[in-house]
Protein chains: 2
Amino acid sequence: MANPAQPTPYKGSGKLRPEELIYQEMLDAILDRRLEPGMKLIEEDLAKTFSVSRARIRATFLQLAHDKLINLVPNRGAFIAEPTIDEAIEVFSARRMIEDGVVRKIAANMTPDRASQIREHLEREHQAHHAGDHRAAIILSGEFHLLLARLAGNLVIEEFLERLILRSSLIIAMYESPQPVDCSHSEHETLLNALLGGDPDAAAAEMAKHLDAIRDRLQLQRPKPAKTDFASIFGRNPKSVAS
Amino acid sequence: MANPAQPTPYKGSGKLRPEELIYQEMLDAILDRRLEPGMKLIEEDLAKTFSVSRARIRATFLQLAHDKLINLVPNRGAFIAEPTIDEAIEVFSARRMIEDGVVRKIAANMTPDRASQIREHLEREHQAHHAGDHRAAIILSGEFHLLLARLAGNLVIEEFLERLILRSSLIIAMYESPQPVDCSHSEHETLLNALLGGDPDAAAAEMAKHLDAIRDRLQLQRPKPAKTDFASIFGRNPKSVAS
DNA sequence: GCATGCAAAATTGTTAACAATCCATATTTT
DNA sequence: AAAATATGGATTGTTAACAATTTTGCATGC
């Protein structure tokens, strides 16, 4: 009849299941572009890579698919997601909405400790930028927004935004302009100043500007074909390539 | 190497996989409280109920767990989530943040069509309320917010909010006050008026008030238990459960 | 009566084999 | 030569059996 409350509702206490670990590792790989849109994920290969059963990889796939980070095509397998242009626009629009609230919250109750956390992060971004470490710069750039989400003090928002940032990573990988425009690095500093100003409206406005800037640096018109398309490269008309 | 783009990226075109169907059905059951916090979900029972393999139930569990709608306890099984008080507070706080943006968007570009969609929904809420159909009223109340999310025109936000509303449903089930205070029914009308006013700030303020009101009607102190009968819950004939 | 310990039952976790499907290549046909 | 058609290999999907674990019921002793 009545269900006994489970004694240990699995508080984070226990050690991480290997399952979660693989999931996390794939998230990392997506964030720093080792996994690119369109890539096929072969169950058995991954199973061997992680020394784990195929079933577990399958379970991981389900989670990733739920986050829209991969596509699960019946009988065909799993592919790193290739966000459409519409999707890209919606993701950035959603981020605007959410991060608006985030920065308002932070600006409204800024503390010295939080400020220094942000500054410290910016310092790392700065270093990566100077060192010409493009990969690190990209990762840190994403983590900047994650840090803000964390500082907003709402786990729900934090997790949600994490997923949006991961999706953004795929979007950027797909649609970034050929010559990588100088990254948002400096914009983050502007943002910090706005946050320190303590004016929520100003901070929100700055964040909106920043996100729009990121979006506008993309080429949201023609997709970057996942595989090289020689026909277009050499200006020829691909005769009748199967549609 | 280069990956061939998948020919059919699984546009919604195809028919729903039975997997998604079960998932959806459990969401429904959570939304209208046929599944209550703490309930144990037994894989084999559910498998029989839905005439499906245990593996598929397992997959469904993973998705639900990812939404924090159930708890997956190693070696113990799956339980309908029992959101903690802290979690409850965070969920409502997150909703405030998001729905703030939602109503602003709607208020900013209200159209006659949208207005009538909302009115139509309110009418149904009204009827359910008058008919004393408490269950229907609860469901419709949740769907009101979902409708707004949809009208905001952002699929990402819509899906996210859907999950938060489902979590809210569990929260309310856990912490509602004994004598069900008159539901937010009338508050929704107030909200509509604010939306029609075309003033985003006013609308946002109204939504904030509404969400706070819901939260404040809860007794964020003590939980309550539940019992289990899948066959009746899902209105199915348990396939000859060998007894 | 209540706690303790043990054995049986129920339930979850894992694996491996097999079936179904798809993809790429080779072969035939026109 | 181009199109259509078989064929083999690779990959995913499913199932069932088994292993590991937890829960339950019962007997025992204090």
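To find a chain, count down the sequence lines: A is the first, B the second, and so on, and within it residues start at 1. For clarity, every value in this text was computed on a predicted model and none was experimentally measured.
Residues forming a ring pair (Phe, Tyr, Trp, His ring centres under 6.0 Å) with A:F160 (at least two apart in sequence, or on another chain): B:F160. Judged as a side chain to side chain contact (heavy atoms under 4.5 Å, CB included), and not counting sequence neighbours, the contacts of A:E143 are A:H121, A:I139, A:L140. Residues forming a side chain to side chain donor-acceptor pair (under 3.5 Å) with A:D216 (at least two apart in sequence, or on another chain): none. B:Q117 is linked by a side chain to side chain donor-acceptor pair (under 3.5 Å) to B:D113, counting only residues two or more places apart in sequence or in another chain.
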- request: Produce a footprint string for nucleotides 8-13 of chain C: one letter per nucleotide, 5' end first; B if the base is under 4.0 Å from any protein heavy atom, S if only the sugar-phosphate is, - if neither.
  value: ---SBB
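Ion pair B:E159/A:K68 flagged as a salt bridge, since at least one NZ, NE, NH1 or NH2 atom sits closer than 4.0 Å to an Asp/Glu carboxylate oxygen. The pair A:R215-A:D212 meets the salt-bridge criterion, with a side-chain N (NZ, NE, NH1 or NH2) lying under 4.0 Å from an Asp/Glu carboxylate O.
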field: Verdict with supporting geometry, A:Y23 and B:H66, ring pair (Phe, Tyr, Trp, His ring centres under 6.0 Å)
entry: CA-CA 12 Å; A:Y23 174 70; B:H66 209 230; 5.6 Å; yes
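Across the protein-nucleic acid pair, A:F79 atom CZ and C:dC22 atom P stand 12 Å apart, rounded to whole Å.
Checking side-chain atoms of B:E43 against main-chain N and O of B:R54 turns up no donor-acceptor pair under 3.5 Å.
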Name the pairs: protein N/O against N/O of nucleotides 5-7 of chain D, kept only if under 3.5 Å.
none

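Phosphate proximity of D:dT15 to B:S53: present, with a side-chain N or O under 4.0 Å from OP1 or OP2.
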